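Below: one structure, written as structure tokens.
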Amino acid sequence: MKIATWNVNSLRVRLAQVESWLDDVAPDILCLQETKVPDTDFPIQTFVARGYQVVFHGQRTYNGVAIAARGPLADVTCGLAGFADEQCRALAATFQGLRVASLYVPNGTAVDSPRYPYKLSWLAALKEQSRVWLAQNPALVLAGDFNIAPEDRDVYDPAAWEGSVLVSAPERAAFQALIDTGLTDALGSLAGEGRGFSWWDYRAAAFRRDQGLRIDHILLGSPLAATFVRGFVDRKARAHPRPSDHAPVVVELAWPPA
DNA sequence: ATGCCGAACCCCGTTCGA
């Protein structure tokens with residue numbers, strides 16, 4: 001079972017890259033973020049033509065999440081329980097016994113921005129949602145752009161970033177509280193050498209200089225963490241012409257267990 | 001300290017992203 005997450009920064013602009021990436025990597029599940037496409041315009045046929053079923057929750061210009069999988073997706077839910085949100089940032093579905101969520105956590109903009117407390121509220125709602133999901137089915141996958149670099153080693157220049165949005169102590173505490181509901185950060189805890197940055201700024205030749213952050217994560221419930229085989233960041237996708245600023249993150253599991 | 005880039009939508013410069 002190969003599970004991937006990719007913030008594509010506009011599915012329309014990246015559609016050909018997503019197509020070739022699906023053909024090359026052939027994940028069983030692909031979670032997408034920042035599709036930036038209303039549901040009425042979602043390119044369903046791209047996925048169906050490759051043997052995927054796809055569900056989506058989008059809006060114009062900003063945000064937007066989707067899940068594609070090699071088979072039926074059941075019990076699809078949009079958003080987070082108990083958290084009214086006009087922004088399309090969460091989508092969950094059940095596939096082959098796994099509960100999978102595609103998540104686009106708010107950026108926060110800056111620690112003194114009005115968007116920062118929105119981000120922390122969103123993360124608090126996600127923690128409660130994770131508890132509910134885990135109680136229903138511990139085979140849980142939370143995949144997406146969390147907009148948090150959990151540790152200093154997930155930041156190319158920790159001193160320059162200290163205290164700023166994406167690395168601030170309240171954000172990292174919120175990430176840890178999410179983990180503490182019973183999840184394992186697959187790339188952070190299990191992947192060994194597969195751990196690496198997942199986002200590089202478009203500016204200042206950041207990718208060429210490997211000045212990045214690890215902010216895209218795949219969090220696994222314990223039955224899934226126990227079947228972990230490997231995880232990696234597909235940096236090749238970030239090296240393409242006109243790339244997303246994020247690379248796909250991939251986890252392989254020996255699931256279902258023998 | 002800021003812009004450095006890129007996407008979207010209209011305001012074709014401004015807003016947002018991370």
Side-chain angles (χ1 to χ4, degrees), chain A residues 5-18 31-43 56-66 85-90 102-123 126 143-172 174-175 185 187-188 196-218 233 235 237-249:
Chain A
T5 184
W6 192 5
N7 178 326
V8 290
N9 185 18
S10 173
L11 182 55
R12 280 188 276 226
V13 171
R14 233 63 70 190
L15 196 59
Q17 292 180 45
V18 170
C31 296
L32 296 168
Q33 301 86 38
E34 283 208 271
T35 56
K36 301 186 179 180
V37 61
D39 291 347
T40 49
D41 298 336
F42 193 91
F56 38 85
H57 175 47
Q59 61 193 109
R60 67 169 215 164
T61 309
Y62 300 118
N63 310 311
V65 284
D85 193 356
E86 294 181 352
Q87 303 185 17
C88 299
R89 296 181 173 276
S102 180
L103 304 169
Y104 178 44
V105 177
N107 171 292
T109 305
V111 293
D112 59 355
S113 164
R115 294 190 181 90
Y116 184 80
Y118 164 66
K119 179 178 191 175
L120 294 180
S121 300
W122 204 97
L123 288 163
L126 176 59
D145 176 0
F146 286 76
N147 272 316
I148 299 170
E151 299 179 35
D152 278 354
R153 60 178 162 153
D154 300 317
V155 182
Y156 69 92
D157 185 348
W161 280 80
E162 186 177 3
S164 71
V165 73
L166 311 192
V167 309
S168 73
E171 291 167 83
R172 285 177 166 175
F175 186 79
D185 172 3
L187 273 284
F197 302 147
S198 65
W199 170 87
W200 299 259
D201 200 304
Y202 283 121
R203 299 167 291 185
F207 181 66
R208 180 176 59 75
R209 297 152 70 182
D210 199 24
Q211 297 185 336
L213 305 175
R214 189 176 75 90
I215 55 175
D216 299 271
H217 308 303
I218 297 177
V233 180
R235 298 167 61 101
R238 183 62 178 79
H240 285 152
R242 209 175 179 192
S244 169
D245 44 355
H246 297 253
V249 177

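In what follows, chains are A, B, ... by sequence order, proteins preceding strands, each numbered from 1. All values derive from a computational prediction rather than experimental measurement.
For the P atom pair drawn from B:dC12 and B:dG17, the interatomic distance equals 22 Å after rounding to whole Å. Here the separation of B:dC16 from B:dC10, taken at their C1' atoms, is 15 Å to the nearest Å. Here the separation of B:dA1 from B:dC11, taken at their C1' atoms, is 27 Å to the nearest Å. Here the separation of B:dG13 from B:dT2, taken at their P atoms, is 23 Å to the nearest Å.
The phosphate of B:dA7 has neither OP1 nor OP2 within less than 4.0 Å of any side-chain N or O from A:T61. A sub-4.0 Å separation between OP1 or OP2 of B:dC16 and a side-chain N or O of A:R60 is absent. Contact annotation: A:R14 reaches the phosphate of B:dA7 (side-chain N/O to OP1 or OP2, under 4.0 Å). Listed pair A:S164 / B:dA18 fails the phosphate criterion, with no side-chain N or O lying under 4.0 Å from OP1 or OP2. Regarding contacts with the backbone of B:dA18, a side-chain N or O of A:Y104 is found under 4.0 angstrom from either OP1 or OP2. Listed pair A:R203 / B:dG17 fails the phosphate criterion, with no side-chain N or O lying under 4.0 Å from OP1 or OP2.
Atom pair A:D157:CG and B:dC4:P shows a separation of 21 Å (rounding to whole Å applied). Rounded to an integer number of Å, the gap from A:H246 NE2 to B:dG6 C1' is 12 Å. Rounded to whole Å, the distance from CG on A:D201 to C1' on B:dG6 is 10 Å. When rounded to the nearest whole Å, the span between OH of A:Y116 and P of B:dA18 equals 16 Å. Atom pair A:R115:CZ and B:dA18:P shows a separation of 11 Å (rounding to whole Å applied). Protein atom CZ of A:R172 is 17 Å distant from nucleotide atom P of B:dA18, rounded to whole Å. Straight-line distance from the CG atom of A:N9 to the P atom of B:dG17: 11 Å, rounded to whole Å. Whole-Å rounding puts the A:D216 CG to B:dA18 P distance at 9 Å.
Checking B:dC4, B:dG17, B:dA8 against every side-chain atom of A:E34, the shortest atom distance belongs to B:dG17. Of the candidates B:dA18, B:dA8, B:dC5, B:dA18 carries the atom nearest the A:N107 side chain, counting heavy atoms from C-beta on. When distances are taken from the side chain of A:V13 to each of B:dA18, B:dA8, B:dG17, the shortest belongs to B:dA8.
In terms of position along DNA chain B, the nucleotide closest to A:R242 lies nearer the 5' end than the nucleotide closest to the other residue of the pair A:R242 and A:G108. Nearest-nucleotide assignment on DNA chain B puts the 5′-proximal partner with A:P243, out of A:P243 and A:V105.
Between A:Y156 and A:D201, the side chains place no donor N or O within less than 3.5 Å of an acceptor N or O (distance only, hydrogens not considered).
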side-chain contact (heavy atoms from CB on, under 4.5 Å) between A:E34 and A:Y104, worked out: CA-CA 7 Å; A:E34 283 208 271; A:Y104 178 44; 3.2 Å; yes

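Contact check for A:R12 versus A:D41: side-chain heavy atoms found under the 4.5 Å cut-off. In this structure the side chain of A:E86 never reaches within 4.5 angstrom of the side chain of A:N63, judged on heavy atoms.
Within the 4.0 angstrom heavy-atom criterion, only backbone atoms of the sugar-phosphate kind lie near A:N147; the bases stay farther away. As judged by a 4.0 angstrom heavy-atom cut-off over every strand, A:N7 is placed among residues touching the sugar-phosphate backbone only. Counting any heavy atom pair closer than 4.0 Å across all strands shown, A:R12 reaches no nucleic acid atom.
Between A:R214 and A:D185, at least one side-chain N (NZ, or NE/NH1/NH2) sits under 4.0 Å from a carboxylate O, which counts as a salt bridge. Ion pair A:D245/A:R203 not flagged as a salt bridge, since none of the NZ, NE, NH1 or NH2 atoms sits closer than 4.0 Å to an Asp/Glu carboxylate oxygen.
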